[in-house]
Asker: 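Structure in C-alpha coordinates, see below.
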Amino acid sequence: MSAPANEAVFQDKIDQDIRIEPKDWMPEAYRKTLIRQISQHAHSEIVGMLPEANWITRAPSLKRKATLIAKVQDEAGHGLYLYAAAETLDISRDEMIGQLHSGKAKYSSIFNYPTLTWADMGAIGWLVDGAAIMNQVPLCRASYGPYARAMVRICKEESFHQRQGFEILLVLSRGSEAQRRMCQDAIDRWWWPSVMMFGPNDDASPNTAQSMRWKIKRFTNDELRQRFVDVSAEQIKLLGMTLPDPALVWNETRQHYDHGPIDWEEFRNVLNGNGPCNKERMAARVQAHADGAWVREAALEHSRKNAARQSVQLEGVA
Ligand code: FAQ
(Lines give C-alpha, C1' and ligand atoms only; values in the text may rest on other atoms or scores of the structure.)
Protein backbone atom coordinates (compact mmCIF):
# COMPACT_ATOMS: atom_id res chain seq x y z
CA MET A 1 0.00 0.00 0.00
CA SER A 2 1.19 3.56 -0.63
CA ALA A 3 2.05 5.82 2.31
CA PRO A 4 -1.13 7.96 1.94
CA ALA A 5 -3.27 4.80 1.74
CA ASN A 6 -1.64 3.41 4.91
CA GLU A 7 -2.22 6.73 6.65
CA ALA A 8 -5.89 6.69 5.59
CA VAL A 9 -6.45 3.14 6.93
CA PHE A 10 -4.75 4.08 10.19
CA GLN A 11 -6.81 7.26 10.59
CA ASP A 12 -10.01 5.39 9.79
CA LYS A 13 -9.30 2.90 12.58
CA ILE A 14 -8.61 5.74 15.02
CA ASP A 15 -11.82 7.50 13.99
CA GLN A 16 -13.87 4.35 14.42
CA ASP A 17 -12.25 3.41 17.73
CA ILE A 18 -10.75 0.25 16.26
CA ARG A 19 -7.60 -0.70 18.14
CA ILE A 20 -4.21 -0.41 16.45
CA GLU A 21 -2.33 -3.70 16.86
CA PRO A 22 1.45 -4.37 16.72
CA LYS A 23 1.52 -5.62 13.14
CA ASP A 24 -0.66 -2.79 11.78
CA TRP A 25 0.94 0.07 9.90
CA MET A 26 1.31 3.14 12.10
CA PRO A 27 2.93 6.57 11.67
CA GLU A 28 6.46 6.68 13.02
CA ALA A 29 5.55 9.55 15.37
CA TYR A 30 2.66 7.50 16.84
CA ARG A 31 5.04 4.59 17.48
CA LYS A 32 7.61 6.88 19.11
CA THR A 33 5.01 8.59 21.30
CA LEU A 34 3.76 5.22 22.51
CA ILE A 35 7.27 4.00 23.27
CA ARG A 36 7.93 7.21 25.20
CA GLN A 37 4.74 7.07 27.24
CA ILE A 38 4.57 3.30 27.84
CA SER A 39 8.25 2.92 28.73
CA GLN A 40 8.12 5.91 31.08
CA HIS A 41 5.01 4.43 32.63
CA ALA A 42 6.82 1.09 33.06
CA HIS A 43 9.84 2.82 34.63
CA SER A 44 7.49 4.62 37.04
CA GLU A 45 5.99 1.35 38.24
CA ILE A 46 9.45 -0.13 38.81
CA VAL A 47 11.00 2.92 40.49
CA GLY A 48 7.70 3.31 42.36
CA MET A 49 8.46 0.11 44.27
CA LEU A 50 11.34 1.79 46.10
CA PRO A 51 9.57 4.30 48.39
CA GLU A 52 7.17 1.65 49.71
CA ALA A 53 9.72 -1.16 49.87
CA ASN A 54 11.45 1.09 52.42
CA TRP A 55 8.63 0.23 54.88
CA ILE A 56 8.27 -3.53 54.37
CA THR A 57 10.60 -4.36 57.25
CA ARG A 58 8.95 -1.76 59.49
CA ALA A 59 5.25 -2.38 58.83
CA PRO A 60 3.38 -2.26 62.17
CA SER A 61 1.82 -5.75 61.96
CA LEU A 62 2.10 -9.03 60.06
CA LYS A 63 -1.12 -8.23 58.17
CA ARG A 64 0.18 -4.81 57.08
CA LYS A 65 3.51 -6.32 56.08
CA ALA A 66 1.87 -9.03 53.93
CA THR A 67 -0.37 -6.47 52.23
CA LEU A 68 2.52 -4.12 51.54
CA ILE A 69 4.66 -6.91 50.08
CA ALA A 70 1.77 -7.89 47.81
CA LYS A 71 1.27 -4.29 46.69
CA VAL A 72 4.95 -3.80 45.87
CA GLN A 73 4.91 -7.08 43.93
CA ASP A 74 1.86 -5.84 42.02
CA GLU A 75 3.83 -2.75 40.95
CA ALA A 76 6.62 -5.01 39.65
CA GLY A 77 4.01 -6.91 37.64
CA HIS A 78 2.64 -3.65 36.21
CA GLY A 79 6.12 -2.65 35.12
CA LEU A 80 6.60 -5.99 33.39
CA TYR A 81 3.26 -5.90 31.49
CA LEU A 82 4.12 -2.41 30.36
CA TYR A 83 7.65 -3.28 29.21
CA ALA A 84 6.11 -6.20 27.31
CA ALA A 85 3.56 -3.84 25.69
CA ALA A 86 6.33 -1.42 24.68
CA GLU A 87 8.42 -4.28 23.23
CA THR A 88 5.66 -4.88 20.65
CA LEU A 89 6.65 -1.47 19.22
CA ASP A 90 10.07 -2.68 18.21
CA ILE A 91 12.24 -1.57 21.09
CA SER A 92 14.11 -3.99 23.34
CA ARG A 93 13.84 -4.04 27.11
CA ASP A 94 17.60 -3.53 27.34
CA GLU A 95 17.28 -0.33 25.34
CA MET A 96 14.45 0.97 27.51
CA ILE A 97 16.31 0.19 30.72
CA GLY A 98 19.42 1.81 29.28
CA GLN A 99 17.37 4.97 28.62
CA LEU A 100 16.16 5.01 32.22
CA HIS A 101 19.62 4.54 33.67
CA SER A 102 21.20 7.17 31.43
CA GLY A 103 18.51 9.71 32.37
CA LYS A 104 17.13 9.91 28.82
CA ALA A 105 13.79 8.44 29.84
CA LYS A 106 11.73 9.95 32.61
CA TYR A 107 9.75 8.26 35.37
CA SER A 108 7.02 9.81 37.47
CA SER A 109 8.09 12.81 39.55
CA ILE A 110 6.19 11.46 42.55
CA PHE A 111 8.69 8.71 43.31
CA ASN A 112 11.43 11.21 44.08
CA TYR A 113 9.97 12.05 47.48
CA PRO A 114 10.96 10.28 50.72
CA THR A 115 8.71 8.02 52.81
CA LEU A 116 9.30 9.28 56.33
CA THR A 117 6.64 7.54 58.44
CA TRP A 118 4.23 4.59 58.27
CA ALA A 119 1.43 7.04 57.42
CA ASP A 120 3.20 7.64 54.10
CA MET A 121 2.13 4.11 53.08
CA GLY A 122 -1.46 5.24 53.56
CA ALA A 123 -0.94 8.56 51.77
CA ILE A 124 0.76 6.87 48.81
CA GLY A 125 -2.05 4.33 48.50
CA TRP A 126 -4.81 6.90 48.79
CA LEU A 127 -3.31 9.83 46.90
CA VAL A 128 -0.62 8.42 44.57
CA ASP A 129 -2.57 5.32 43.54
CA GLY A 130 -5.69 7.51 43.48
CA ALA A 131 -4.05 9.90 41.02
CA ALA A 132 -2.65 6.96 39.05
CA ILE A 133 -6.14 5.43 38.68
CA MET A 134 -7.67 8.73 37.61
CA ASN A 135 -5.07 8.95 34.86
CA GLN A 136 -5.06 5.26 33.94
CA VAL A 137 -8.74 4.28 33.72
CA PRO A 138 -9.07 6.30 30.47
CA LEU A 139 -5.91 4.56 29.21
CA CYS A 140 -7.91 1.29 29.17
CA ARG A 141 -9.48 2.90 26.06
CA ALA A 142 -6.15 3.98 24.52
CA SER A 143 -5.99 3.33 20.79
CA TYR A 144 -3.02 0.95 20.98
CA GLY A 145 -4.26 -2.57 21.82
CA PRO A 146 -1.41 -3.98 23.95
CA TYR A 147 -1.28 -0.81 26.11
CA ALA A 148 -5.05 -0.64 26.60
CA ARG A 149 -5.28 -4.33 27.53
CA ALA A 150 -2.40 -4.09 30.01
CA MET A 151 -4.15 -1.17 31.68
CA VAL A 152 -7.32 -3.15 32.45
CA ARG A 153 -5.63 -5.44 34.96
CA ILE A 154 -3.37 -2.68 36.25
CA CYS A 155 -6.38 -0.51 37.08
CA LYS A 156 -8.11 -3.30 38.99
CA GLU A 157 -5.03 -3.74 41.15
CA GLU A 158 -4.47 0.01 41.61
CA SER A 159 -8.02 0.33 42.81
CA PHE A 160 -7.35 -2.23 45.55
CA HIS A 161 -4.13 -0.36 46.40
CA GLN A 162 -6.03 2.85 46.81
CA ARG A 163 -8.52 1.30 49.21
CA GLN A 164 -5.80 -0.28 51.35
CA GLY A 165 -4.05 3.12 51.54
CA PHE A 166 -7.23 4.91 52.55
CA GLU A 167 -7.89 2.28 55.21
CA ILE A 168 -4.40 2.80 56.69
CA LEU A 169 -5.16 6.52 56.99
CA LEU A 170 -8.64 5.86 58.36
CA VAL A 171 -7.23 3.74 61.19
CA LEU A 172 -4.60 6.39 61.98
CA SER A 173 -7.17 9.19 61.80
CA ARG A 174 -9.19 7.42 64.52
CA GLY A 175 -6.15 6.65 66.65
CA SER A 176 -4.18 8.57 69.26
CA GLU A 177 -3.27 12.23 68.98
CA ALA A 178 0.24 11.25 67.75
CA GLN A 179 -1.26 8.96 65.08
CA ARG A 180 -3.61 11.71 63.90
CA ARG A 181 -0.68 14.11 63.64
CA MET A 182 1.29 11.55 61.65
CA CYS A 183 -1.67 11.05 59.32
CA GLN A 184 -2.08 14.80 58.71
CA ASP A 185 1.66 15.26 58.20
CA ALA A 186 1.75 12.53 55.51
CA ILE A 187 -1.23 14.06 53.70
CA ASP A 188 0.42 17.49 53.87
CA ARG A 189 3.62 16.17 52.27
CA TRP A 190 2.03 14.00 49.55
CA TRP A 191 -0.82 16.25 48.41
CA TRP A 192 0.98 18.70 46.12
CA PRO A 193 3.36 16.14 44.56
CA SER A 194 0.25 14.03 43.78
CA VAL A 195 -1.46 17.01 42.15
CA MET A 196 1.68 17.50 40.03
CA MET A 197 1.68 13.86 38.89
CA PHE A 198 -0.83 14.74 36.16
CA GLY A 199 1.86 16.70 34.36
CA PRO A 200 2.14 20.33 33.28
CA ASN A 201 -0.88 22.54 32.70
CA ASP A 202 -2.50 21.99 29.31
CA ASP A 203 -1.05 25.18 27.84
CA ALA A 204 2.45 23.96 28.79
CA SER A 205 1.99 20.33 27.73
CA PRO A 206 3.67 19.79 24.34
CA ASN A 207 2.35 16.24 23.83
CA THR A 208 -1.30 16.37 24.87
CA ALA A 209 -2.95 17.72 21.71
CA GLN A 210 -1.42 15.12 19.38
CA SER A 211 -1.89 12.28 21.87
CA MET A 212 -5.59 13.23 22.14
CA ARG A 213 -5.95 13.24 18.35
CA TRP A 214 -4.45 9.75 18.28
CA LYS A 215 -6.73 8.72 21.18
CA ILE A 216 -3.78 7.63 23.28
CA LYS A 217 -4.84 10.18 25.88
CA ARG A 218 -8.60 10.65 26.28
CA PHE A 219 -8.47 13.61 28.66
CA THR A 220 -6.04 16.44 29.16
CA ASN A 221 -3.72 16.74 32.16
CA ASP A 222 -5.84 19.54 33.68
CA GLU A 223 -9.12 17.69 33.20
CA LEU A 224 -7.81 14.66 35.07
CA ARG A 225 -6.18 16.81 37.76
CA GLN A 226 -9.49 18.59 38.35
CA ARG A 227 -11.30 15.26 38.77
CA PHE A 228 -8.69 14.15 41.27
CA VAL A 229 -9.00 17.36 43.27
CA ASP A 230 -12.81 17.08 43.28
CA VAL A 231 -12.81 13.49 44.50
CA SER A 232 -10.06 14.01 47.10
CA ALA A 233 -11.67 17.15 48.52
CA GLU A 234 -14.73 15.03 49.39
CA GLN A 235 -12.85 11.93 50.60
CA ILE A 236 -10.69 13.92 53.04
CA LYS A 237 -13.87 14.75 54.97
CA LEU A 238 -14.25 11.05 55.85
CA LEU A 239 -10.80 11.16 57.44
CA GLY A 240 -11.53 14.32 59.42
CA MET A 241 -8.23 15.70 58.12
CA THR A 242 -7.49 18.65 55.82
CA LEU A 243 -5.75 19.11 52.48
CA PRO A 244 -2.88 21.62 52.67
CA ASP A 245 -4.48 24.18 50.36
CA PRO A 246 -6.23 27.21 51.90
CA ALA A 247 -7.59 28.12 48.44
CA LEU A 248 -9.41 24.79 48.05
CA VAL A 249 -13.07 25.78 47.83
CA TRP A 250 -16.18 24.52 46.04
CA ASN A 251 -17.04 26.73 43.07
CA GLU A 252 -20.81 26.64 42.54
CA THR A 253 -20.56 28.14 39.05
CA ARG A 254 -17.95 25.71 37.75
CA GLN A 255 -19.35 22.79 39.78
CA HIS A 256 -15.77 21.97 40.67
CA TYR A 257 -13.33 22.70 43.49
CA ASP A 258 -10.97 25.61 42.89
CA HIS A 259 -7.45 25.03 44.13
CA GLY A 260 -4.41 27.14 44.89
CA PRO A 261 -1.40 27.64 42.61
CA ILE A 262 0.86 24.67 41.84
CA ASP A 263 4.57 25.12 42.45
CA TRP A 264 5.81 24.33 38.92
CA GLU A 265 9.30 25.34 39.93
CA GLU A 266 9.39 22.36 42.29
CA PHE A 267 8.03 20.09 39.50
CA ARG A 268 10.71 21.26 37.07
CA ASN A 269 13.41 20.72 39.68
CA VAL A 270 12.28 17.16 40.29
CA LEU A 271 12.13 16.45 36.53
CA ASN A 272 15.63 17.83 36.14
CA GLY A 273 16.97 15.31 38.65
CA ASN A 274 17.07 17.62 41.67
CA GLY A 275 14.20 16.28 43.75
CA PRO A 276 14.80 15.04 47.30
CA CYS A 277 15.46 11.41 46.23
CA ASN A 278 16.29 11.37 42.47
CA LYS A 279 19.90 10.36 42.94
CA GLU A 280 19.10 7.73 45.57
CA ARG A 281 16.35 6.18 43.39
CA MET A 282 18.50 5.95 40.29
CA ALA A 283 21.47 4.57 42.23
CA ALA A 284 19.20 1.86 43.71
CA ARG A 285 17.88 0.89 40.24
CA VAL A 286 21.32 0.80 38.63
CA GLN A 287 22.65 -1.31 41.51
CA ALA A 288 19.69 -3.71 41.31
CA HIS A 289 20.27 -4.10 37.57
CA ALA A 290 23.96 -4.84 38.11
CA ASP A 291 23.14 -7.31 40.90
CA GLY A 292 20.77 -9.12 38.53
CA ALA A 293 23.36 -9.54 35.74
CA TRP A 294 24.10 -13.15 36.69
CA VAL A 295 20.38 -14.06 36.45
CA ARG A 296 20.16 -12.61 32.93
CA GLU A 297 23.36 -14.40 31.90
CA ALA A 298 22.14 -17.72 33.34
CA ALA A 299 18.73 -17.39 31.63
CA LEU A 300 20.40 -16.60 28.31
CA GLU A 301 22.79 -19.54 28.63
CA HIS A 302 19.89 -21.84 29.52
CA SER A 303 17.92 -20.77 26.46
CA ARG A 304 21.04 -21.17 24.27
CA LYS A 305 21.56 -24.73 25.55
CA ASN A 306 17.87 -25.52 25.06
CA ALA A 307 17.94 -24.25 21.48
CA ALA A 308 21.12 -26.25 20.77
CA ARG A 309 19.57 -29.43 22.26
CA GLN A 310 16.42 -28.94 20.17
CA SER A 311 18.38 -28.46 16.95
CA VAL A 312 20.39 -31.68 17.66
CA GLN A 313 17.09 -33.55 18.23
CA LEU A 314 15.64 -32.12 15.00
CA GLU A 315 18.76 -33.20 13.06
CA GLY A 316 18.27 -36.70 14.51
CA VAL A 317 14.66 -36.75 13.23
CA ALA A 318 15.74 -35.58 9.78
N1 FAQ B 1 6.64 13.03 36.12
O2 FAQ B 1 3.38 16.91 27.28
P3 FAQ B 1 3.21 16.24 28.59
C4 FAQ B 1 1.92 4.93 39.33
C5 FAQ B 1 6.84 14.87 31.36
S6 FAQ B 1 2.31 5.10 37.72
C7 FAQ B 1 7.67 13.02 35.22
O8 FAQ B 1 1.97 16.53 29.36
P9 FAQ B 1 2.38 13.50 28.18
C10 FAQ B 1 1.65 3.57 39.88
C11 FAQ B 1 6.36 14.12 30.12
O12 FAQ B 1 6.80 12.77 30.13
C13 FAQ B 1 2.64 6.82 37.49
N14 FAQ B 1 7.57 13.52 33.98
O15 FAQ B 1 3.45 14.67 28.40
C16 FAQ B 1 2.19 3.44 41.24
C17 FAQ B 1 6.95 14.97 29.04
O18 FAQ B 1 8.34 14.70 28.91
P19 FAQ B 1 8.97 13.95 27.62
C20 FAQ B 1 3.03 7.09 36.12
C21 FAQ B 1 6.37 14.04 33.64
O22 FAQ B 1 3.15 12.24 28.01
C23 FAQ B 1 1.51 3.96 42.32
C24 FAQ B 1 6.88 16.38 29.62
O25 FAQ B 1 6.77 16.22 31.03
N26 FAQ B 1 1.87 7.12 35.28
O27 FAQ B 1 1.87 5.92 39.95
C28 FAQ B 1 5.28 14.06 34.50
O29 FAQ B 1 1.40 13.86 27.14
C30 FAQ B 1 2.03 3.81 43.60
C31 FAQ B 1 5.68 17.15 29.09
O32 FAQ B 1 4.44 16.59 29.55
C33 FAQ B 1 1.99 7.17 33.93
O34 FAQ B 1 3.07 7.18 33.40
C35 FAQ B 1 5.45 13.53 35.77
N36 FAQ B 1 4.47 13.51 36.70
O37 FAQ B 1 1.59 13.44 29.57
C38 FAQ B 1 3.38 2.76 41.43
C39 FAQ B 1 0.70 7.17 33.17
N40 FAQ B 1 4.25 14.66 33.85
O41 FAQ B 1 8.48 12.51 27.70
C42 FAQ B 1 3.91 2.62 42.72
C43 FAQ B 1 0.91 7.21 31.68
C44 FAQ B 1 4.69 14.99 32.63
O45 FAQ B 1 8.42 14.64 26.41
C46 FAQ B 1 3.22 3.14 43.82
N47 FAQ B 1 1.43 8.48 31.23
N48 FAQ B 1 5.97 14.63 32.51
O49 FAQ B 1 10.43 14.06 27.80
C50 FAQ B 1 0.65 9.55 30.96
O51 FAQ B 1 -0.55 9.52 31.11
C52 FAQ B 1 1.34 10.77 30.41
O53 FAQ B 1 2.61 10.39 29.92
C54 FAQ B 1 1.47 11.94 31.44
C55 FAQ B 1 2.24 13.08 30.77
C56 FAQ B 1 0.10 12.43 31.86
C57 FAQ B 1 2.26 11.48 32.68
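In listed order, ligands and their atoms are each counted from 1.
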Asker: Do NZ/NE/NH1/NH2 and the carboxylate oxygens of E167 and R163 come within less than 4.0 Å?
Answerer: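 Looking at E167 and R163, the cut-off is not met.
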
Asker: Any salt bridge between R218 and D17, counting N to O under 4.0 Å?
Answerer: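 Salt bridge: yes.
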
Asker: Identify whether NZ of Lys or CZ of Arg in R285 sits under 6.0 Å from the centre of the six-membered ring of Y107 and within 45° of that ring's axis.
Answerer: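 Ring-cation test returns no.
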
Asker: Just to be sure I understand the cut-off, which residues have at least one non-hydrogen atom under 4.0 angstrom from an atom of ligand 1?
Answerer: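 Within 4.0 Å of ligand 1, protein side: R36, Q37, Q40, H41, S44, E45, G48, E52, K71, E75, K106, Y107, S108, S109, F111, V128, D129, A132, N135, Q136, L139, Y147, E158, M196, M197, F198, G199, P200, S205, P206, N207, T208, K217, N221, F267, L271.
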
Asker: Is there a donor-acceptor pair under 3.5 Å between the side chain of R64 and the backbone N or O of R58?
Answerer: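 Side chain of R64 to backbone of R58, a donor-acceptor pair under 3.5 Å: no, none is there.
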
Asker: If we only count heavy atoms from C-beta on, is the E7 to P27 side-chain gap below 4.5 Å?
Answerer: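 E7 reaches P27 side chain to side chain.
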
Asker: Quick one, F198 and T220 - any side-chain contact, counting heavy atoms below 4.5 Å?
Answerer: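 Not in contact.
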
